[in-house]
2 protein chains.
Amino acid sequence: MNGEFLIDRKSGIAAWKQIADRIARAIDAGEFDATGMVPPETELAEHFGVNRHTVRSAIAALAEGGVLRRVQGRGTLIEKRARLVYPVGRRTRFSEGLGRQAAETDIKLLAEAEETASPLISAALALEAGAPVIRIETLNTADGVPISLATHYFSHARFAGIGGHLAAWHSITRALAEFGIDDYVRLSTEVTARMASASEVAHLALGTTPIVLETLAVNADSAARPIQYSRTLFAADRIALRLDTPGG
Amino acid sequence: MNGEFLIDRKSGIAAWKQIADRIARAIDAGEFDATGMVPPETELAEHFGVNRHTVRSAIAALAEGGVLRRVQGRGTLIEKRARLVYPVGRRTRFSEGLGRQAAETDIKLLAEAEETASPLISAALALEAGAPVIRIETLNTADGVPISLATHYFSHARFAGIGGHLAAWHSITRALAEFGIDDYVRLSTEVTARMASASEVAHLALGTTPIVLETLAVNADSAARPIQYSRTLFAADRIALRLDTPGG
DNA sequence: TCGAATTTGTTCGTATGTATT
DNA sequence: TAATACATACGAACAAATTCG
C-alpha cells in the first residue's frame, strides 16, 4: 500500500470510497496477514494524507460489507475470506469445478425465455440467422454463497423444454442428458472484466468492489456440434479462474 | 441500457461517474452500433433521471478518454476501438499472441531488482524458501498502445543478468534463449480482476474504467522445470483473454 | 438560400454533499 | 459541533453549429 499516489479529488469517486477500495485491495494482497488487522486510523489517515474522519468513513463501509470488524480499544480486525479457484478447461462443469472448496453447489433457474438468435449467438451455435433459441438465466451458488450469474442459449429446435429439466435437476449436465447429450466439451472461453450493473450487484451480493469477470463460452457435443452458448459473470473478489494447460 | 436501475446516490461514486460507466458499457455492448452515436444529452438526462449538466459531465469524461467525440449541432459520436483478443494457452508468448491484430509489439523493461523469494514465488519456481530471485517489470505495447504491465520472477542462480538480455532483445523468449532455453510452455494461468492502482492507471493509460485483468502464470522449460513466474495486468476495456483448451 | 428543428456549448444562480480544521 | 472550502448537482436561459426540407 504505497503512499506515493494519494487521493484524486476530481475522479468522481469520494475520498472515503477510494480509501476503502485501496484498503480492500491491500487486504486482498495479503499485506496485513502478519497481524490480521488494519493499521490504526491515525496511521492510515496520515498515510493517505486525509483526515481521520475520512478514514473512519472508509472503514465503516468495509465493516458494513463484512470485510472488517472494529473492536474498541483493540483495533480493526480483518474478517478472512479465501478466494475460490474455478478451473476452466475442456471439461468445465459448474457442479464439479469447485470440488473440495465447497460442500454443496446449486444452480437456480432465474428465468427462461424464447428468443430469436442475435447474429453473435446464431454464429456461435451454428444456427441460421434469426433461428429461435432458448435463453436461460441461472444463479450458481456454492454453500449458499452466490458465485456466478449466467445466461445460457440453446437451440429451441433441439432443446425445447430444457428449462424444466434444469429446474428439476439443478444441473446443466443432467438437463442436457435428457436430450441424449452424454458428454460435452468446451470449445472456447473468452474472459473480460467490467463494472457490474446494479442488478448484477444485487444477484451476486457484491461488496465494495462491484467488479465481475465475464466469460463467453461455447460448449459442443461429442460430435463437435455447438449446443450451448453461455455468458457467465463471476464476482471478481470472490473467484479466480484457473486455466490448466497440461499435456504436451 | 435499461432505466430500471437509476443512480445510487449513496455509493460514494458521483452520479456523472456512474452514468459515464454505464454509457461506456452500453457502447461496449454495441447498443449504439446502428447510428454510431450516443443519444442526445436531453434524452440521456431524462433516461437516467438527472440534469443535463450531469450527463454532460459524464460525456466530458468519456470524451477526455477518447471514447466519444462531441460535435456541436450534430451529436456525440462514438470513437471506435475494437477490443483485442489475447490468447492464453500452452504456448503463450506476448510477441506472437496478438498476431494480425497488431502490426508491431514491443516489450519495454521498466525495472529490474534482486530479491529474496516470497513463499508463493519460491513454491511456484520450485526454489528453496528465501532463494534469491530476479524481479523484472515490463510494459508491453502493441502499435504503441499499452496492452499489459507485467512483473516476472526468475531464479537468480539460473538467470543472472536476464534483465540486460531483455533490454537488448525486447523479448522474453529471446532473453531466455541466451540461457539455453530453446522452448518453454505455460503450466498454469490464474485470472482475476480488480480496480487498478493509480500507477497502473498511468502505465496502462486506462480511461474511465480503471479495471485490470490480472493473470498469475508459471512457465516451465522442456524438462517441465518451472523457470518463470509472472503477474500480468491487462487493461480490461481493451483486451479480452481467450483461454485455449486444446486436445480431446 | 432560407429558416425551423435539433443538438451541443456556455453562463448565470442556487442548493446540497464532502472533507478539513 | 461549527465554520470553511470545494466538488457535485440542478434549473433556466441563451448562443452556436449542424441538419434537413
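Chain identifiers are assigned alphabetically (A, B, ...) following the order of the sequence lines, protein sequences preceding nucleic acid strands; residue numbering begins at 1 within each chain.
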Item checked: Start and end of chain A contact along DNA chain D [non-hydrogen atoms, under 4.0 Å] -> dA7(D) to dT8(D)
Rounded distance in Å - [atom1] ([X]) to [atom2] ([N]):
X        : N       : atom1 : atom2 : answer
Leu44(B) : dT7(C)  : CG    : C1'   : 12 Å
Arg74(B) : dT7(C)  : CZ    : C1'   : 12 Å
Ile7(B)  : dT16(C) : CD1   : P     : 20 Å
Arg56(B) : dT7(C)  : CZ    : P     : 14 Å
Glu43(B) : dT6(C)  : CD    : C1'   : 12 Å
Arg52(B) : dG13(C) : CZ    : C1'   : 17 Å
Gln18(A) : dT18(C) : CD    : P     : 14 Å
Lys10(A) : dA19(C) : NZ    : C1'   : 15 Å

Notebook entry, point to check: Any sub-3.5 Å donor-acceptor pair from Arg135(A)'s side-chain atoms to Thr116(A)'s backbone N or O?
Noted result: no
Notebook entry, point to check: Are the side chain of Arg238(B) and the backbone of Leu204(B) linked by a donor-acceptor contact shorter than 3.5 Å?
Noted result: yes
For the [atom1] atom of [X] and the [atom2] atom of [Y], what is their distance to the nearest 0.5 Å?
X         : Y         : atom1 : atom2 : answer
Asp143(A) : Thr105(A) : CG    : OG1   : 8.5 Å
Thr76(B)  : Leu68(B)  : OG1   : CG    : 6.5 Å
Leu213(B) : Leu233(B) : CG    : CG    : 9.0 Å
Tyr229(B) : Leu125(B) : OH    : CG    : 9.0 Å
Leu241(B) : Thr215(A) : CG    : OG1   : 11.5 Å

Next item on the list: Give Thr42(B) one of three labels, base, sugar-phosphate or nothing, depending on what nucleic acid heavy atoms sit under 4.0 Å from its own.
Entry: nothing
Check: Using a cut-off of 4.0 Å on non-hydrogen atoms, how would the nucleic acid contact of Arg9(B) be classed: base, sugar-phosphate, or nothing?
Finding: sugar-phosphate
Check: Quick one: on DNA chain C, does His53(B) or Pro40(B) contact a more 5' nucleotide (nearest heavy atom)?
Finding: Pro40(B)
Checklist line | Beyond-backbone contact of Glu137(B) with Leu109(B), side-chain heavy atoms, under 4.5 angstrom | finding: no
Checklist line | Check: Arg242(B) and Thr189(A) side chains under 4.5 Å, non-hydrogen atoms | finding: no
Check: Can a side chain N or O of Trp16(A) be found less than 4.0 Å away from OP1 or OP2 on dT18(C)?
Finding: no
Next item on the list: Give the stems involving DNA chain C, where a stem is 3 or more consecutive Watson-Crick or G-U wobble pairs (i with j, i+1 with j-1, and so on) under 3.5 Å.
Entry: C:2-21 with D:2-21
